[in-house]
Structure formats: structure tokens, C-alpha cells
Amino acid sequence: MQLAGHSITEDVYMTFLFRLGRQARALRLWEKDAFPYSVENDEVEGGDDLEELDLRNVDPGTLLSTRHSILHSIRTMHNHIVLNPGITPSVDLLNAMLDAYNKVAAVHDAFKVWDTIFLAKIYNGLSVSIILDTCGWAKVGHKAAQIWNQLVEREFPFNKNNWDSRVECLCRLGKLDEALKVVCLEMPSWNRVAAAKREEERARRGLMVGEDEEAGPLASKISIRARILEEEKEYDITPDAKTLGVLFSFASQTNQVEEVHNRVKQYLPDVWRSIPDEKKSLWLYGWSNETRGEPAKGLTAV
């Protein structure tokens with residue numbers, strides 16, 4: 001493109017990064033138990049031609065070569081972005097790069113991109129969810145805790161997806177009990193504190209309504225109310241079906257479904273009642289067509 005006189009924009013880079021990320025995701029690298037995740041200073045060269053591969057059916061013999069091809073392409077794109085004087089990477093572009101490294105299981109590459117985002121203080125909710133996902137799959141709990149604590153110190157306004165990512169990260173680290181505490185205790189507590197802060201902001205904005213002479217009192221009130229409702233929806237972190245689904249998914253692997261069930265009913269009764277019976281039955285009984293309606297051993301009624 002450059003040789004033809006066309007400039008390469010952020011959108012072009014992001015398009016290629018998204019495509020490479022999809023190719024990497026098709027390999028399902030994180031699900032390979034014996035997969036040798038990339039280490040620092042790991043140098044790879046191009047492997048098989050990606051265009052000629054069916055990424056859904058890659059045999060073990062070509063898995064690493066295919067992964068190397070994708071990683072090599074992402075790193076090449078990364079270098080082009082760094083060396084392009086006409087590009088100052090936005091958080092959207094850096095998130096696309098972070099996500100591509102995450103999907104190709106390039107742990108240290110992802111951490112370097114995160115460090116760039118964090119030091120520049122341009123991270124957003126998507127950045128946080130991606131890096132927590134990386135930490136969970138790569139089993140690096142200390143890094144996940146460090147990142148979360150640093151963001152807490154900076155008073156980052158975590159959204160619901162960030163909390164769900166943290167819960168899933170803890171579960172992947174084998175810390176189901178800690179994940180349960182986050183869902184049953186920390187999320188509701190954090191939500192109450194955040195709601196109080198929003199109430200203060202609401203009061204402050206309410207006092208400012210009459211000062212907006214151009215918009216007029218009524219128009220100003222409507223505008224403020226719309227913004228408040230939008231923020232309430234964005235930052236409400238009440239656990240829901242998605243959150244609980246993560247807990248029960250991992251609990252079923254460690255025979256802790258009953259424990260999760262009891263804790264959720266005890267600490268989050270309103271949330272539990274809001275879940276459709278069909279979904280609760282699936283979590284609790286995990287039935288197939290042959291065992292439909294038969295509760296798992298030790299479990300009581302929904």
C-alpha cells in the first residue's frame with residue numbers, strides 16, 4: 001500500500017490485527033494443555049501459509065508452525081505501528097494488538113502492550129478485560145492481582161465486564177472460593193459504594209440544572225437524567241446470569257456445585273430468584289436428555 005502511495009491508517013492496522021486474532025482464536029491455543037506458551041524474547045519465523053490451512057482442523061504436527069506464522073505476522077504489524085511516524089496509537093489500536101497477542105497465547109507480548117497502555121494511562125474497560133483474560137488463561141495470578149490492585153489505586157471505574165473477567169480469571173487459576181467471595185461479597189459492596197458516589201454526582205448535577213440558561217431548566221433536567229441513567233446502566237455491577245454461569249461452569253469441574261448454589265442463595269437471594277428456572281436447573285443438574293429432571297447427588301430443589 002505504501003509503495004502505491006497510499007497511507008496506512010489505524011483502521012487498516014486494526015483490520016489486519018482483528019483478522020489475525022480470528023485466525024489465532026480458531027486454533028484454540030489456550031485449550032491445548034501442553035501448549036508451550038511463548039516466553040520472553042521468544043523469536044519465531046513465519047511458518048505455514050495461513051491462507052492454505054483449515055484452522056479448524058490443524059493437526060498437532062502443524063499447530064506450532066501455524067501459531068508461529070500468526071505470531072510473526074502480529075509482531076511484524078506491531079513493529080510497523082511503532083516505526084510509523086504518522087501513527088500515534090490510540091487505545092482502540094492498542095486494544096486490538098493486545099487482543100491479538102492474547103488469542104495467539106503470546107503472554108509476554110501481551111504484557112508489554114499492557115504496560116504501554118497502563119503507563120500512558122489510556123486504558124479503558126476493554127483493555128482491562130483483555131489483560132485479565134490473558135492472565136487467567138496463562139495461569140499468572142500474581143500478575144492479575146497486581147494489575148487489579150494498581151487500577152484500584154488509580155480509582156478506575158470497573159464495569160460489569162471487568163468484574164466478570166476477574167471472576168473468570170480467578171476460576172481459571174483454581175481459586176473458586178476466592179471467586180465466590182468476589183461475587184457474593186465484593187461486587188455487592190463495591191456496587192453500594194459506587195452507587196453512593198453516583199448519588200453524590202446526581203445531587204451535584206441537580207444543583208447545576210438551573211444554571212444552564214441556554215438549554216433551559218426542563219431540557220437540562222432531561223439531558224442530565226438521560227446521562228445518569230446511561231451511567232447507572234454502564235457501571236451497575238450487580239452479579240447476573242453471566243456471572244453465575246462462570247461460577248457454576250467451573251464448580252461442575254471440581255464437584256462444588258452444591259457449595260456455589262448454597263452461597264449464592266444465601267448472599268444473593270434476589271439475584272438467584274431473578275434467574276430463569278431452566279438456567280438454574282442446567283447449572284445445578286447438568287442434565288442430558290437421558291437424565292433430564294434428575295438432580296445431581298446431594299443437591300436439593302432449585
Side-chain angles (χ1 to χ4, degrees), residues 24-35 37 56 99 102-103 105 107 128-145 147-148 158-191 236-302:
R25 184 177 183 178
L27 292 175
R28 308 177 76 88
L29 293 167
W30 287 120
E31 299 176 21
K32 315 296 182 185
D33 292 336
F35 182 77
Y37 307 125
R56 296 167 299 179
D99 191 49
N102 173 38
K103 287 184 170 62
V107 181
V128 174
S129 291
I130 294 171
I131 197 62
L132 290 176
D133 187 57
T134 302
C135 291
W137 280 107
K139 305 293 191 295
V140 282
H142 66 284
K143 184 69 173 179
I147 289 171
W148 188 267
F158 298 106
N159 60 34
K160 174 63 165 44
N161 285 333
N162 297 150
W163 283 94
D164 286 344
S165 295
R166 185 188 180 199
V167 170
E168 184 171 346
C169 177
L170 288 170
C171 289
R172 292 198 183 284
L173 292 167
K175 298 181 178 181
L176 181 62
D177 288 341
E178 188 173 342
L180 259 174
K181 291 179 182 178
V182 169
V183 174
C184 294
L185 300 176
E186 197 169 339
M187 288 177 71
S189 175
W190 191 284
N191 214 19
D236 178 21
I237 58 170
T238 302
D240 58 12
K242 178 183 177 183
T243 315
L244 300 186
V246 172
L247 289 177
F248 280 105
S249 173
F250 284 91
S252 67
Q253 301 172 27
T254 56
N255 198 30
Q256 292 177 273
V257 171
E258 184 177 10
E259 177 185 351
V260 171
H261 178 211
N262 292 336
R263 294 273 288 276
V264 170
K265 286 184 68 177
Q266 178 183 356
Y267 289 99
L268 302 170
D270 292 339
V271 174
W272 184 251
R273 283 193 292 268
S274 71
I275 304 298
D277 288 343
E278 182 179 353
K279 189 175 292 290
K280 287 191 284 192
S281 296
L282 180 63
W283 292 340
L284 297 177
Y285 308 144
W287 56 43
S288 63
N289 290 332
E290 293 75 25
T291 61
R292 185 173 299 277
E294 298 178 6
K297 183 179 181 180
L299 286 177
T300 55
V302 176

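Every heavy atom of this structure was used, including side-chain atoms; hydrogens, water molecules and symmetry mates were not. We count residues from 1, following the sequence as given.
Closest non-hydrogen pair, Val107 versus Ala138, comes out as CG2-CB, 3.7 Å. Pairing each heavy atom of Leu170 with each of Val182, the nearest pair is CD1-CG2, 3.7 Å. Annotation for Leu180 and Glu259: closest pair CD1-OE2, 4.2 Å, computed over non-hydrogen atoms. Annotation for Val167 and Ala179: closest pair O-CB, 3.9 Å, computed over non-hydrogen atoms.
We find the CG-SG distance between Leu247 and Cys171 to be 5.0 Å, quoted to the nearest 0.5 Å. The distance from atom CD of Glu186 to atom CG of Asn191, rounded to the nearest 0.5 Å, is 12.0 Å. Rounding to the nearest 0.5 angstrom, the gap separating the CD1 atom in Ile237 from the CG atom in Asn161 is 11.5 Å. One finds the CG atom of Asp240 at 11.0 Å from the CG atom of Leu268 (value rounded to the nearest 0.5 Å). Here CG of Leu244 is found 10.0 Å from NZ of Lys279. Values are rounded to the nearest 0.5 Å. Atom CD of Glu178 sits about 8.5 Å away from atom CG of Leu173, to the nearest 0.5 Å.
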Inset, instruction - Start with the C-alpha gap between Lys160 and Thr243, add the side-chain angles, then the distance that decides, and say whether side-chain hydrogen bond (donor to acceptor under 3.5 Å, both in side chains) holds. - result: CA-CA 9 Å; Lys160 174 63 165 44; Thr243 315; 2.9 Å; yes
Inset, instruction - Tell me, with the steps shown, if Val260 and Phe250 meet side chain to side chain contact (heavy atoms under 4.5 Å, CB included). - result: CA-CA 10 Å; Val260 171; Phe250 284 91; over 6 Å; no
Inset, instruction - Evaluate the criterion side chain to side chain contact (heavy atoms under 4.5 Å, CB included) for residue pair Lys143 and Ile147; output intermediate values, then yes/no. - result: CA-CA 6 Å; Lys143 184 69 173 179; Ile147 289 171; 4.0 Å; yes
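Residues Val271 and Val264 have side chains not in contact (no heavy-atom distance under 4.5 Å, counting atoms from C-beta outward).
Side-chain N/O atoms of Ser165 and Asp133 include no donor and acceptor closer than 3.5 Å.
Annotation: Arg263, atom CZ; neighbour count of heavy atoms from other residues, nucleotides and ligands within 6.0 Å is above 12. Atom NZ of Lys181 has 12 or fewer neighbouring heavy atoms from other residues, nucleotides or ligands inside a 6.0 Å radius.
Trp272 and Trp283 have tilted rings, their planes meeting at an angle from 30° to 60° on a 0 to 90° scale. Note on ring orientation: taking the six-membered ring where Trp is involved, the planes of Phe248 and His261 are tilted (angle from 30° to 60°).
At distances below 3.5 Å, at least one donor-acceptor pair connects side-chain atoms of Ser281 with backbone N or O atoms of Asp277.
Classification of Asp99 and Lys103 as a salt-bridged pair holds, one side-chain N sitting under 4.0 Å from a carboxylate O.
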